[in-house]
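Some notes on the structure that comes next.
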Amino acid sequence: MAASGRHVLAIQDTSEINFRTTSERQRGLGEIGKGGRARGVLLHAMLALDAHTGACLGLAGGQIWTRKGRVKVAHQKRRSADKESHRWIATAEQGKQTLAAASVVTMVGDRESDIFAVWARVPEENVHLITRSMHDRRLADGSFLYETAASFPVCGTRTIALPERDHKRTARSAKLSLRFGAVELACPRNTAEQGLPGSVPLTLIEVSEQDPPRGVEPVDWRLLTTHPVTDAKAAWQIVDWYKMRWAIEQFWRLLKLQGLRLEDSQIQTAERLIKLTAIAAKAAVTTFQLLQARNGREQEPASLAFADHEIVLLDKLNVQTEGATALQKNPHPKASLAWAAWIIARLGGWDGYPSSKPPGPITFKHGLDQFHTMARAWRLANVCIP
């Protein structure tokens, strides 16, 4: 298995897939978005990455659904299993099974996953959590999380590169200060959930941007984790792992905007759109893996994204896609993911020259479309008919 023996970051997130509808043609889709005017499905995905290299290992779990109507029972009066937010626990349990061969699994989530039941039920000996804090929670000693964080001493600074984000933030460097300390979250008093412990011990890590540019929202992360943190080096490691959560944002872009354009589908029913979303999620992950592999820096095997029979076909296609000169030869080790990426890019229209612009998402999409058509024909041609 791809996860065997690795430390895996299992990154969870939810995205709304907005399929265009009219009041007369809602296609059985439920409400999404603020105000409930848009219609679509929701995809909650768990993306597995190698914690050391950032290599995408694939999808480790997830759920796809469309809302059937509005829930009238107040949120705080429902048990976890009766809430949409239960997906954070359910998908974590899926991930534990999928990633059972990993040496360590660290599940990473944004603010929406800051749920006491998650902290209480998901962690195990080799399963940890890193989550960005959403609430100024009450602690077991009666104090509150954020005032406690403010009392921790600053123990280091670091300058990091922040990538551009959805045209809402331009790329820039940010100087961050770091503080951390032990906290113990108290169980919410108004929860309807049964069997939760009275408190859970965690570590809080706070990074704050010093002197941000005028008019720019400063970086201010409060990260909670079950990992032991005893010094600044360990705290910065938690920050670095949380920064790798950006990979799932790339996954969403590939699924909805860069190449696949899932939301443009005109399929007629919600049932089929849910199935299409599952197929597109797998294609988006494969595209992401090929994009990562195209430079050949990480020698992941082609089996990360392709089945054995597909690798046999790739080997035959490599002979056809290579040119006569040394510059037109596949430069990567046979059966590596970089080797496969080079072949798929050639099928997608890339010229293969090292001096050319690297292949992008659309090129890989076209190449994968071509490859899967060939793979189906290849399997039919090799079926033994008695």
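Everything numeric here is computed off the predicted structure, so don't read it as measured data.
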Residue pair [X] / [Y], side-chain heavy-atom distance below 4.5 Å:
{"X": "Glu184", "Y": "Leu139", "value": "no"}
{"X": "Leu99", "Y": "Met107", "value": "no"}
{"X": "Leu224", "Y": "Trp119", "value": "yes"}
{"X": "Pro333", "Y": "Gln299", "value": "yes"}
{"X": "Leu49", "Y": "Ile248", "value": "no"}
{"X": "Pro361", "Y": "Leu291", "value": "yes"}
{"X": "Leu47", "Y": "Cys56", "value": "yes"}
{"X": "Phe364", "Y": "Trp350", "value": "no"}

- Apply the side-chain contact (heavy atoms from CB on, under 4.5 Å) test between Val207 and each candidate in Leu178, Ile160, Thr157; give the one that qualifies. Leu178
- Query: Charged N to carboxylate O under 4.0 angstrom, Glu93 versus Arg121?
  - Reply: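 Looking at Glu93 and Arg121, the cut-off is not met.
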- Message: Tell me whether Glu31 is salt-bridged to Arg67, with the criterion being a basic N under 4.0 Å from an acidic carboxylate O.
- Response: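 No, Glu31 and Arg67 are not salt-bridged.
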How about [X]: does its [atom1] atom have over 12 heavy atoms from other parts shown lying under 6.0 Å from it?
{"X": "Glu271", "atom1": "CD", "result": "no"}
{"X": "Asp141", "atom1": "CG", "result": "yes"}
{"X": "Asp211", "atom1": "CG", "result": "no"}
{"X": "Lys275", "atom1": "NZ", "result": "no"}
{"X": "Arg158", "atom1": "CZ", "result": "yes"}

Measuring from [X]:[atom1] to [Y]:[atom2], what's the distance to the nearest 0.5 Å?
{"X": "Arg27", "Y": "Thr269", "atom1": "CZ", "atom2": "OG1", "result": "9.0 Å"}
{"X": "Leu273", "Y": "Thr66", "atom1": "CG", "atom2": "OG1", "result": "9.0 Å"}
{"X": "Arg137", "Y": "Ser199", "atom1": "CZ", "atom2": "OG", "result": "12.5 Å"}
{"X": "Ile64", "Y": "Leu276", "atom1": "CD1", "atom2": "CG", "result": "9.5 Å"}
{"X": "Gln292", "Y": "Arg297", "atom1": "CD", "atom2": "CZ", "result": "11.5 Å"}
{"X": "Phe306", "Y": "Thr286", "atom1": "CZ", "atom2": "OG1", "result": "6.5 Å"}

Let me check something: do [X] and [Y] share a hydrophobic cluster, defined by ILVMFWY side-chain heavy atoms less than 4.5 Å apart, either directly or through other members?
{"X": "Tyr146", "Y": "Phe152", "result": "yes"}
{"X": "Ile279", "Y": "Ile267", "result": "no"}
{"X": "Ile362", "Y": "Leu255", "result": "no"}

Would the distance check show the side chain of [X] and the main-chain N or O of [Y] forming a donor-acceptor pair, the cut-off being under 3.5 Å?
{"X": "Gln94", "Y": "Gly62", "result": "yes"}
{"X": "Glu16", "Y": "Gly33", "result": "yes"}
{"X": "Asp136", "Y": "Leu145", "result": "yes"}
{"X": "Lys329", "Y": "Gly323", "result": "yes"}
{"X": "Arg346", "Y": "Thr321", "result": "yes"}
{"X": "Asp50", "Y": "Ala55", "result": "no"}
{"X": "Lys282", "Y": "Leu59", "result": "no"}
{"X": "Arg294", "Y": "Pro359", "result": "yes"}
{"X": "Arg87", "Y": "Ala92", "result": "no"}
{"X": "Arg6", "Y": "Ala3", "result": "no"}

Of all heavy-atom pairs between [X] and [Y], which one has the smallest distance, and what is that distance?
{"X": "Thr148", "Y": "Ser143", "answer": "OG1-OG, 3.4 Å"}
{"X": "Glu209", "Y": "Ala174", "answer": "OE2-CB, 3.5 Å"}
{"X": "Trp252", "Y": "Ala45", "answer": "CH2-CB, 4.0 Å"}
{"X": "Glu263", "Y": "Arg20", "answer": "O-NH1, 3.7 Å"}
{"X": "Phe180", "Y": "Ile205", "answer": "CB-CG1, 3.9 Å"}
{"X": "Glu206", "Y": "Ala149", "answer": "OE2-CB, 3.9 Å"}

Quick one about [Y] and [X] (side-chain donor to acceptor, distance below 3.5 Å, no hydrogens or angles considered), yes or no?
{"X": "His128", "Y": "Thr226", "answer": "yes"}
{"X": "Tyr242", "Y": "Thr225", "answer": "no"}
{"X": "Trp88", "Y": "Glu112", "answer": "no"}

- Item | Chi angles and distances behind the side-chain contact (heavy atoms from CB on, under 4.5 Å) call for Val104, Val8 | CA-CA 6 Å; Val104 180; Val8 176; over 6 Å; no
- Query: What about Trp241 and His7, are their ring centers closer than 6.0 Å?
  - Reply: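 Yes, the ring centres sit under 6.0 Å apart.
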- Going through the checks in order, is the side-chain contact (heavy atoms from CB on, under 4.5 Å) test met by Lys365 and Gln258? CA-CA 9 Å; Lys365 177 190 180 296; Gln258 297 175 332; over 6 Å; no
- Can Ile343 and Asp315 be said to form a side-chain contact (heavy atoms from CB on, under 4.5 Å), step by step? CA-CA 9 Å; Ile343 299 165; Asp315 190 26; over 6 Å; no
- Task: Start with the C-alpha distance between Glu310 and His372, add both sets of side-chain angles, then the distance that settles side-chain contact (heavy atoms from CB on, under 4.5 Å), and finish with yes or no.
- Result: CA-CA 9 Å; Glu310 292 177 322; His372 289 142; 4.2 Å; yes
